[in-house]
Amino acid sequence: MDVLNLEDKLNEFQCQAVRHVGGPLLVLAGAGSGKTRVITYKIAHLVEECGFKPWQILAVTFTNKAAREMRERTEELLGSAASDVMLGTFHSVCLRILRRHAELVRRTQNFVIYDDDDRERLINRILKEMGVGKELLKARAAAAYIDAQKHKLRGPDHKMLPVNTHIDTLCARVYESYEAAKRQSNAFDFGDLIFYTVRLFEKHEMVLSEYRYKWKYILVDEFQDTDFAQYRLLRLLAGEQSNICVVGDDDQSIYRWRGAEVTNILNFPNDFEQEVEVVRLEQNYRSTGHILAAASALIGHNKQRHNKVLWSDAELGERLHCYEADSETGEARWVMSRIIAAYREGHTLSNMVVFYRTHAQSRVFEDALRNQATPYVVVGGLKFYSRKEVKDVLAYLRLVLNPKDDVALMRVINEPPRGIGATTMNKALKIASAHAVSHYEGLLMLAKEADGKRARKAIHRFRDLMDLLRRTADDQQDVFRVAEAIINESGYMTRLQQEGTHEAQTRKENLEELMLSIQEWRDRAEDRSLATFLDHVSLLTSADEGEPNADAVTLMTVHAAKGLEFESVFVTGLEEQVFPHFNADSDEDIEEERRLAYVAVTRGRKKVYLSWARSRQRFGRLDMNLCSRFVSEIPQELRQMSSENAMHGRGSWATNAGSQRSQGGFNWSDRKAPAKKKKATGRHYDYNDSQADPFDDSGKVGRSVMHPSFGQGQVARVDGSGPQARVTVQFPVYGTKVIVARFLDFQEELPF
DNA sequence: CACATCGCGCTTTTT
DNA sequence: GCGCGATGTG
Ligand SMILES: Nc1ncnc2c1ncn2[C@@H]1O[C@H](COP(=O)(O)OP(=O)(O)OP(=O)(O)O)[C@@H](O)[C@H]1O
């Protein structure tokens, strides 16, 4: 049986890894060596050639996005059978398990998941109850303590909880109340998903053996970034047989701060009764020789690592382009000029990525891209689902699903204002804790007691609302209907309409977008229930936003870049204090920053650009920083300094003169036809399309144009044709002007 | 009880 | 340079 032709697709060592089936297997290899490909083919091999059923395979990835990509690639090999493979992140797999066995971990099946924000609210409430001031212990710090313990599988009653300092002891007490509160609220936090799944398996052998029996083979990608709890989970599931394959690269371990233990991968070979097969992959298939040499030199500066051989038979390619800017805006201008230049050479925008160390750095690049009317997608920042109005509606949904969700109740009880303010809620809270019931029940009890008529009426109105929403949920089994009822019946929409401010308008639009995304989800989902939708939202991550189809430049943090690859990579903000980050001071921290830089550089296939700024605005202060040590750790002969005005001359805005150009957009008449890039993907822009000729003026009236000094305007009429045509344009600020066509950018002609 | 204003601290990085 | 929370007023 050899239907897959593994030898054609994989090198000798990859084949060896794919074919090794009995017992534990470690694939330890550097960047771009085809580890992920091994996992994909191994899944196919197990099914096609070893007699495993798809549902007997569990494959764990680091992000949902990686899971989706792996599912797609598996589908190419296995067809529809691929959908039966259990493929997901640790968190999504555990969530599914916990939903089935909630009652064994002191929850009911309709439990909800608290996000970071909910968690902070809850901890703040606890700190208040304990009478601990914020100056002594901040909610974030307590949350970090709790997370750290969970990563190590230590519950609030664990003997090894750190109690060295007064603060630690305080945190340990917070931890205890926090766990109790979540249980009372029928809620889990993110870390609980792993923690309680392990607990479930440890305490209920029957359940564990069910899953052991079900999953006969386990594969794990990015294994270097697993924590203790996740490793324990894998070992429990793998059992004595240990049919488990893990792949990873200790040089790419970048989540130590989140509890990841690189020893998981380093000790793996010695951690089993039986022999552990170790396969090393040494050929890099991703990057050109110069990029690979630079990355290897860089990571070579780390002392705590296992040296790996990594070679490539690709051409040497370009050296790494480096640029020193005066300021962060100068840096962004340079990046922009390189993007345009690469585009002119025929590279598509979706093959370009801008990396930065922290989200705060994205802004200048966004501005630069917008100014040049260049499409971009920002990955992360998790903007949409953290908007106030969106979170409010989600909180209503959660409360409908789980009336005990105290955090959700506190959030929506007076949103919109309905006459139940702090004083009423404080009374309700007292009652609730005296009777050990949920806040919602406390509130209802308060209404029964002879309380002020106003408050009682308000509470009853709220109760009627909740009853209506729950009935809608039960009758229709459809999130969309429930969300619709929330927005319309709670008075939320009415209030926004009454406000009539610009901000209220934006919020309304956000709610419309939310409804749209719920609708889209519902139309695709098999199960439209509230619980399933809320699970989906909880597991959404930064990598999941943005439209995948558009040809656009990608912007993201280096952390989000793990496992991805791009033709052109910009690594920006390479300054001391920025990258490496000023918070990294121990040797270990610096080494993790260096691994991060290594991950960044190794994402590039053909072009890598390194840039830094001598000065940078930060917290409103102007910081002066030196070029990052990571730049000088790359041998000089692999680097090439670049100057800013490398932009085919000609009236370019790229001169360093600061303010004299603020608007204007990339002038499309300057653009050379793309070096022909035969489109594998279909819709690559073809400059010669008659439609795309910037001077074909038929139907230009009404279109949006950009002028270097007058900014954006609308075409009112066109006289003549070609570059000399006289175009009458209406500008919002400067009024009506007649302008010769060649000075205008016709925005809708943008090929992006 | 609702709304406005002021000030503080914050930024790593994410499932 | 901004969002959130604490604080004060109608
Ligand atoms: N045997 C092979 N022949 C040709 N190309 C390959 C081979 N194996 C992998 N590749 C290609 O090399 C690139 C890197 O592969 P992959 O993403 O699997 O590497 P990786 O080891 O997981 O990388 P990283 O650890 O950097 O994320 C991909 O473009 C992949 O298609």
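Chain identifiers are assigned alphabetically (A, B, ...) following the order of the sequence lines, protein sequences preceding nucleic acid strands; residue numbering begins at 1 within each chain.
Both geometric conditions, a ring-centre gap below 5.5 Å and a plane tilt below 30°, are fulfilled for A/Trp257 over the base of B/dT13.
In this structure, A/Lys562 atom NZ and B/dT13 atom P are separated by 16 Å, rounded to whole Å.
Not counting sequence neighbours, the partners of A/Arg594 by the salt bridge (charged side-chain N to carboxylate O under 4.0 Å, His left out) test are A/Glu633. Partners of A/Asn124 according to the side chain to side chain contact (heavy atoms under 4.5 Å, CB included) rule, which considers only residues two or more places apart in sequence or in another chain, are A/Glu120, A/Leu127, A/Lys134, A/Ala139. Under the salt bridge (charged side-chain N to carboxylate O under 4.0 Å, His left out) criterion, A/Glu389 pairs with A/Arg507, sequence neighbours left out.
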Below 3.5 Å between N/O atoms, which protein atoms pair up with nucleotides 6-8 of chain C? Just atom names and distances, please.
{"from": "C/dA6", "atom 1": "OP1", "to": "A/Lys134", "atom 2": "NZ", "distance (Å)": "3.3"}

Can you check nucleotides 5-8 of chain B for protein contacts, nitrogen or oxygen pairs under 3.5 Å, and list what you find?
none

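OP1 and OP2 of B/dT14 both lie 4.0 Å or more from every side-chain N or O belonging to A/His91. Proximity of A/Arg140 to the phosphate of B/dT11: a side-chain N or O atom is located under 4.0 Å from OP1 or OP2. Considering only side-chain N and O atoms, A/Thr557 lies under 4.0 angstrom from the phosphate OP1 or OP2 of B/dT14.
Side-chain contact annotation: A/Ser185 with A/Asp406, donor-acceptor N/O pair under 3.5 Å present. For the residue pair A/Tyr376 and A/Glu366, a side-chain donor N or O sits within less than 3.5 Å of a side-chain acceptor on the partner.
Taking atom P in both C/dC4 and B/dT13, one finds a spacing of 16 Å when rounded to whole Å.
At a threshold of 4.0 angstrom between heavy atoms, the contacts of A/Tyr255 are confined to the sugar-phosphate backbone, with no base atom among them. Heavy atoms of A/Arg256 sit nowhere under 4.0 angstrom from any nucleic acid atom. Contacts of A/Lys138 with the nucleic acid, taken as non-hydrogen atoms under 4.0 Å apart, involve only primed sugar atoms and P, OP1 or OP2.
Among the nucleotides C/dC4, C/dC2, B/dT13, the one closest to the side chain of A/His559 is B/dT13.
In plain terms, the two heavy atoms of A/Tyr175 and A/Pro156 that are nearest each other are CE2-N, 3.6 Å. The two residues A/Val247 and A/Gln224 come nearest to each other via the heavy atoms O-OE1, 4.3 Å. Taking all atoms of both residues into account, the shortest heavy-atom contact from A/Trp612 to A/Leu574 is CB-O, 3.0 Å.
Remark: aromatic rings of A/Tyr255 and A/His559 are close, center separation under 6.0 Å. Taking the ring centroids of A/Tyr211 and A/Phe201, they lie under the 6.0 Å cut-off.
A tilted orientation is assigned to the rings of A/His91 and A/Phe190, their planes being inclined by 30° to 60°.
Taking a pair as Watson-Crick or G-U wobble with both distances under 3.5 Å, the runs of three or more consecutive pairs in DNA chain B are B:1-9 with C:2-10.
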